[in-house]
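Remember, it's a predicted structure, so these values are computed and weren't measured experimentally.
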Amino acid sequence: MHQTWPIMVEKKGTLVIAELALLLLLLLLPLLSGALDIVKVREIAARNNVTCILVFGDSSVDSGNNNFIVTTIKSNFLPYGKDFFNGRPTGRFSNGRLATDFIADAIGYTKTIPAFLDPNLKLEDLPHGASFASAASGYDDFTANISSVLSLPRQLKYLMHYKVKLRKLVGHKRAEDIIRTAVFVISMGTNDFLQDYYLDPTRPKQFTVEEYQNYLVSCMANAIQKMHRLGGTRLAVVGVPPLGCMPLVKTIMDTTTCAENYNKLASSLNSKIQEKLEAISTTSRMKIAFVDAYGIIQNAINNPALYGLSETSKGCCGTGTIEFGDSCRGLETCTDPEKYVFWDAVHPTEKMYKILAEEAIKALAQKLLV
């Protein structure tokens, strides 16, 4: 559900590897510390054709697509977005921007990744990326159908619509080049268990927990194959976060500490995802990275002072224990969300998205330099 998106590279020369690794290492740090030369970062990004981010997933990366479909799963009302530009709600399930937005800003082409279904989306912004994600979606189509949101195959159909518009704007060859050098991002998996398997009786009758995990991984693999056929060559898959540490899950499980059974479930699914990604990367020409959202978020929860955080057990909205989505509408919020890991009982704050992005970039850049 939570994320940033580096790229694995083939060894095609020390200079290229070093530059791309440096780009990944530096992308977000200027936004967080102000200590680095943003002009230099953007020069490196341009040299490596890192201009476009194409996003698929759930509420962790939905920048407002659900605003434009018939579903009850929305966040286009306050207090969501109170720390976004001009303090306006956009459909992002946080108080401000998402990790994908910060990456786009660091690269320098746009301050946010727009929702593809937004009727106000400008054609000239298409070459720099779009989000096709839909809050409450999952790898399993049935998960999306429960909430009447965009399934992963539906999101991929909109990618085809995106390509058509892009060709009209920049021509066929340039459009194919943009897709080829784009960073594809997938961030989902949480809802497949929290809103599907553990709430609806359908899938438990068909699958054991492990069988369902395997099914989700096969759905992910099918989607990746489709992305590859559509021209994608760079992919980052964000792992499932520590589900048992979400305030809502802790409330339901009546525990003040992270629910370990839910965390073990997430960790097991992540292992299966990583194993499949390794297999895909060896049989295709795609460069694939796995982002360990689980480890990054858990580290922030266990060591909050390292990140300037202090509240890890509840969200900023309402009581912080049960409210999310529509139940958060119009509620009072904490005075300083910069100190909170969670914005509502499920989703991170903008501050946590910054932390998640920065830490993932650094960790994966170090791997690239080995």
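- Using modelled atom types, no side-chain atom of S75 and backbone atom of G325 make a donor-acceptor pair closer than 3.5 Å.
- Listed for the N270 side chain is no donor-acceptor partner under 3.5 Å among the backbone atoms of G239.
- Scanning both residues, A175 and R167, for their nearest heavy atoms gives CB-CG, 3.6 Å.
- Geometrically, R203 does not engage Y197 in a cation-pi contact, judged by NZ or CZ lying under 6.0 Å from the ring centre and within 45° of the ring axis.
- The OH atom of Y158 lies 7.0 Å from the NE2 atom of H161; values are rounded to the nearest 0.5 Å.
- Taking every heavy atom of both residues into account, R285 and H228 meet most closely at N-NE2, 4.2 Å.
- Residue E124 places its CD atom among more than 12 non-hydrogen atoms of other residues, nucleotides or ligands, all under 6.0 Å distant.
- C245 has its SG atom within less than 2.5 Å of the SG atom of C258.
- Side-chain contact, S134 with Q155: no donor N or O sits under 3.5 Å from an acceptor N or O.
- Side-chain contact between F342 and C316: absent, with no pair of heavy atoms (C-beta onward) separated by less than 4.5 Å.
- Checked by atom type, the side-chain pair D125/H128 shows no donor-acceptor distance below 3.5 Å.
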Test log, rule side-chain contact (heavy atoms from CB on, under 4.5 Å), inputs D177 and R180: CA-CA 5 Å; D177 287 343; R180 179 177 51 80; 3.3 Å; yes

E338 and T349: CA distance, side-chain angles, deciding distance, side-chain hydrogen bond (donor to acceptor under 3.5 Å, both in side chains) verdict: CA-CA 8 Å; E338 291 279 303; T349 56; over 6 Å; no

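- Heavy atoms of other residues, nucleotides or ligands lying less than 6.0 angstrom from CD of E260 number more than 12.
- Distance CG/L169 to NZ/K122: 13.5 Å, rounded to 0.5 Å.
- Side-chain contact between L356 and I297 is present, with heavy atoms from C-beta onward closer than 4.5 Å.
- The environment of K74 atom NZ is dense: over 12 non-hydrogen atoms of other residues, nucleotides or ligands sit within 6.0 angstrom.
- With hydrophobic clusters built from ILVMFWY side chains whose heavy atoms lie under 4.5 angstrom apart, M253 shares a cluster with F324.
- Side chain of N65 to backbone of A133: a donor-acceptor contact under 3.5 angstrom is found.
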Audit row: F85, T90, side-chain contact (heavy atoms from CB on, under 4.5 Å) steps and yes/no: CA-CA 10 Å; F85 299 110; T90 62; over 6 Å; no

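- With hydrogens and angles left out, the side-chain atoms of K272 and N214 include a donor and acceptor closer than 3.5 Å.
- A distance below 6.0 Å separates the ring centres of F93 and Y80.
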From CA spacing to verdict: side-chain contact (heavy atoms from CB on, under 4.5 Å), L159, F132: CA-CA 7 Å; L159 171 62; F132 308 92; 4.1 Å; yes

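- Remark: side-chain polar atoms of S131 are paired, donor with acceptor, to backbone N or O of V61 under 3.5 angstrom.
- At a threshold of 4.5 Å between side-chain heavy atoms, the hydrophobic network of Ile, Leu, Val, Met, Phe, Trp and Tyr places I69 and F116 in one connected group.
- Taking the six-membered ring where the residue is Trp, F56 and F184 present parallel rings, their angle staying beneath 30° rather than reaching 60°.
- The shortest non-hydrogen separation linking Q206 to E211 is O-OE1, 4.1 Å.
- Atoms CG and CG, on L126 and L121 in that order, are 5.0 Å from each other to the nearest 0.5 Å.
- Remark: the backbone N or O of S267 is paired with a side-chain donor or acceptor of S271 at under 3.5 angstrom.
- Applying the 6.0 Å contact sphere to NZ of K163 captures more than 12 heavy atoms from other residues, nucleotides or ligands.
- Although no hydrogens or angles enter the test, the distance criterion places no donor-acceptor pair under 3.5 Å between the side chain of D58 and the main chain of A135.
- What you find for A293 and P242 is that their closest heavy atoms are O-CD, 4.2 Å.
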M220 and N222: CA distance, side-chain angles, deciding distance, side-chain contact (heavy atoms from CB on, under 4.5 Å) verdict: CA-CA 5 Å; M220 176 198 72; N222 290 338; over 6 Å; no

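- Just one of Y262, Y212, Y215 meets the ring pair (Phe, Tyr, Trp, His ring centres under 6.0 Å) condition when paired with F193; it is Y212.
- With S284 contributing its side chain and I280 its backbone, the two residues share a donor-acceptor pair below 3.5 Å.
- Side chain of R234 to backbone of T181: a donor-acceptor contact under 3.5 angstrom is found.
- Between S63 and P114, the shortest heavy-atom contact is OG-C, 3.4 Å.
- You'll find the side chain of Y139 stays beyond 4.5 Å of the side chain of N191, heavy atoms only.
- With hydrophobic clusters built from ILVMFWY side chains whose heavy atoms lie under 4.5 angstrom apart, M188 shares a cluster with I224.
- With 3.5 Å as the limit, one finds no donor-acceptor pair spanning the side chains of T71 and N66.
- Using a 4.5 Å heavy-atom cutoff, the side chains of T72 and D326 are not in contact.
- Annotation for L331 and P79: closest pair O-CG, 3.9 Å, computed over non-hydrogen atoms.
- Salt-bridge check for R92 with D101: passed, with a basic side-chain N closer than 4.0 Å to an acidic carboxylate O.
- With values rounded to the nearest 0.5 angstrom, I301 atom CD1 is found 6.0 Å from T312 atom OG1.
- Rounding to the nearest 0.5 Å places CG of L98 at 12.5 Å from NZ of K354.
- Residues D141 and P153 meet the side-chain proximity criterion, which asks for heavy atoms closer than 4.5 Å.
- Between L230 and I179 there is no side-chain heavy-atom pair separated by less than 4.5 Å.
- For the residue pair K314 / T319, no side-chain donor-acceptor distance below 3.5 Å is found, with atom types taken as modelled.
- Atom CZ of F77 sits about 16.0 Å away from atom CZ of R88, to the nearest 0.5 Å.
- Counting side-chain heavy-atom gaps under 4.5 Å among Ile, Leu, Val, Met, Phe, Trp and Tyr, L78 is found in no cluster with other residues.
- Panel note: side chain T282, backbone A279; a donor-acceptor pair is recorded below 3.5 Å.
- Taking hydrophobic clusters as Ile, Leu, Val, Met, Phe, Trp and Tyr residues chained together by side-chain heavy-atom distances below 4.5 Å, L243 does not share a cluster with Y294.
- Under the 3.5 Å distance criterion, the side-chain polar atoms of D140 are matched with a main-chain donor or acceptor of F142.
- With a 4.5 Å cut-off on side-chain heavy atoms, I146 and D196 count as touching.
- L235 places none of its side-chain heavy atoms less than 4.5 Å from the side chain of V185.
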Step-by-step side-chain hydrogen bond (donor to acceptor under 3.5 Å, both in side chains) determination, K82 to T333: CA-CA 10 Å; K82 67 177 297 184; T333 61; 2.9 Å; yes

Stepwise salt bridge (Lys or Arg N to Asp or Glu O under 4.0 Å) test for R329 and E323: CA-CA 9 Å; R329 184 190 295 264; E323 300 92 347; over 6 Å; no

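- Cluster annotation: V170 is not connected to V164 through the hydrophobic network of ILVMFWY side chains, with a link wherever side-chain heavy atoms come within less than 4.5 Å.
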